[in-house]
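Just so you know, residue 1 is the first one in the sequence shown, and it goes up from there. First listed ligand is number 1; within each ligand, the first listed atom is number 1. We use all heavy atoms of the structure for the numbers below, so side chains are in, but hydrogens, waters and symmetry mates are not. Not measured: the values here are computed from a predicted model.
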Amino acid sequence: MNTDRLVVLGTGGTIAGRAQRPEDHLGYRAGEVAVDELLQGIVLPAGMRIEAEQVAQIDSKDIGPEVWCLLLQRVRQHLDRPDVRGIVITHGTDTLEETAWLLQRLLAPAKPVVLTCAMRPATALAPDGPQNLADALRVAAEPCARGVLAVCAGRIHAGAEVRKVHHYRLDAFDSGDGGPLGVIEQGICSWYRPWPSALSEHAPALCERLLAARQWPRVECLFSHGGADGWLVRTLLERDRALDPESEDRLRGLVLAGTGNGTLHADLLATLQEAQAAGIEIRRTTRCASGRIVSDDEKGVRVLSLPPAQARLALMLELL
Ligand code: SIN
């Protein structure tokens with residue numbers, strides 16, 4: 001059978017955004033233009049056939065378990081089809097890094113799953129979405145491509161490392177110290193680093209558990225900052241004490257975006273130790289934009305060396 005099919009899954013975002021005026025790059029509604037419409041006029045990679053499916057139509061700031069589960073199911077199903085070479089997902093930029101991390105952690109696919117996006121709405125005078133979408137399709141058609149990738153402004157990022165670093169610039173993403181996996185220029189990919197690794201043996205079982213969960217474990221994310229005296233943590237603990245001990249809404253984990261090397265204000269740390277004693281799992285990472293923390297264990301609070309939003313997902317999976 002020919003493996004000449006690319007599946008495009010639409011989820012919304014600015015790439016599908018519509019504004020009243022072409023020069024308006026901010027006052028638009030994300031998730032308005034259908035994925036079929038986004039594909040009109042896009043030059044397809046030679047010999048490839050396209051299939052499009054609208055999985056969601058949201059502003060990605062509003063994403064959560066419901067859309068993530070749907071997306072995981074649809075991606076998994078399409079990846080299993082022998083005729084499918086790769087998948088492209090059109091997504092909002094605001095939480096693209098969370099979706100990309102989750103898909104890579106749970107599916108680590110042997111075929112390419114390429115997320116793409118835009119910083120300007122589809123109705124802009126010079127939208128960036130069409131070029132990003134064309135590039136993403138080209139990357140998904142690349143022989144031997146695999147893993148979850150993100151394509152934006154000509155750069156190809158590993159899904160597990162990509163991070164939004166600018167709120168307005170067209171080249172809004174970065175891959176941290178390792179840099180992007182490659183670039184795409186004039187439809188030609190150049191690779192700097194190897195593809196993301198293929199399936200980890202525990203991923204399918206973990207994915208099943210997540211999809212079957214009635215409610216995902218509640219894990220919240222807080223910052224350490226000047227004057228952080230643990231008030232918020234004490235408030236959360238009080239709220240939990242008022243809940244039924246069996247309630248699925250009880251706080252199970254907390255991720256702390258610490259200062260510098262993931263350090264925590266001494267007063268906050270004291271309260272976190274109370275939370276640990278109450279059975280809440282605590283992890284710390286850094287609030288710095290780049291870098292990885294290597295030191296472990298600050299008075300019993302372990303490191304999870306990921307950006308805060310991805311660390312929250314990682315701890316949530318650990319608590320499933
Ligand atoms: C969104 O994340 O859905 C809106 C913002 C964007 O795509 O740039």
Polar contact flag for D59 and ligand 1 (N/O pairs, less than 3.5 Å): yes

Is the shortest distance from a Lys or Arg side-chain nitrogen in E220 or R252 to a carboxylate oxygen in the other one below 4.0 Å? no

Note: ligand 1 atoms sitting under 4.0 Å from heavy atoms of T14 are 4 (C), 5 (C), 6 (C), 7 (O), 8 (O)

Where ligand 1 meets A118 - atom numbers and elements under 4.0 angstrom, heavy-atom basis: 7 (O), 8 (O)

Strictly below 4.0 Å, N to O, side chains only: are R81 and E51 in salt-bridge contact? yes

Lys/Arg N to Asp/Glu carboxylate O, K61 vs D94, below 4.0 Å: no

One thing to verify: whether R239 and D249 come together as a salt bridge, which I'm taking to mean a side-chain N less than 4.0 angstrom from a carboxylate O. yes

Indicate yes or no: does D177 engage R292 in a salt bridge with an N to O separation below 4.0 Å. no

Residue and atom name of the nearest protein heavy atom (relative to atom 2 (O) of ligand 1), distance in Å to one decimal: S60 OG, 2.6 Å

Y28 to ligand 1: N or O pair under 3.5 Å? no

I'd like to check whether D94 has a polar contact with ligand 1, where a contact means an N/O of the residue lying under 3.5 Å from an N/O of the ligand. yes

Are any of the side-chain nitrogens in R85 or D4 under 4.0 Å away from the carboxylate oxygens of its partner? no

Does G31 reach ligand 1, in the sense of a heavy atom lying below 4.0 Å from it? no

Where is the nearest protein heavy atom to atom 8 (O) of ligand 1: which residue, which atom, and how far? T93 OG1, 2.4 Å

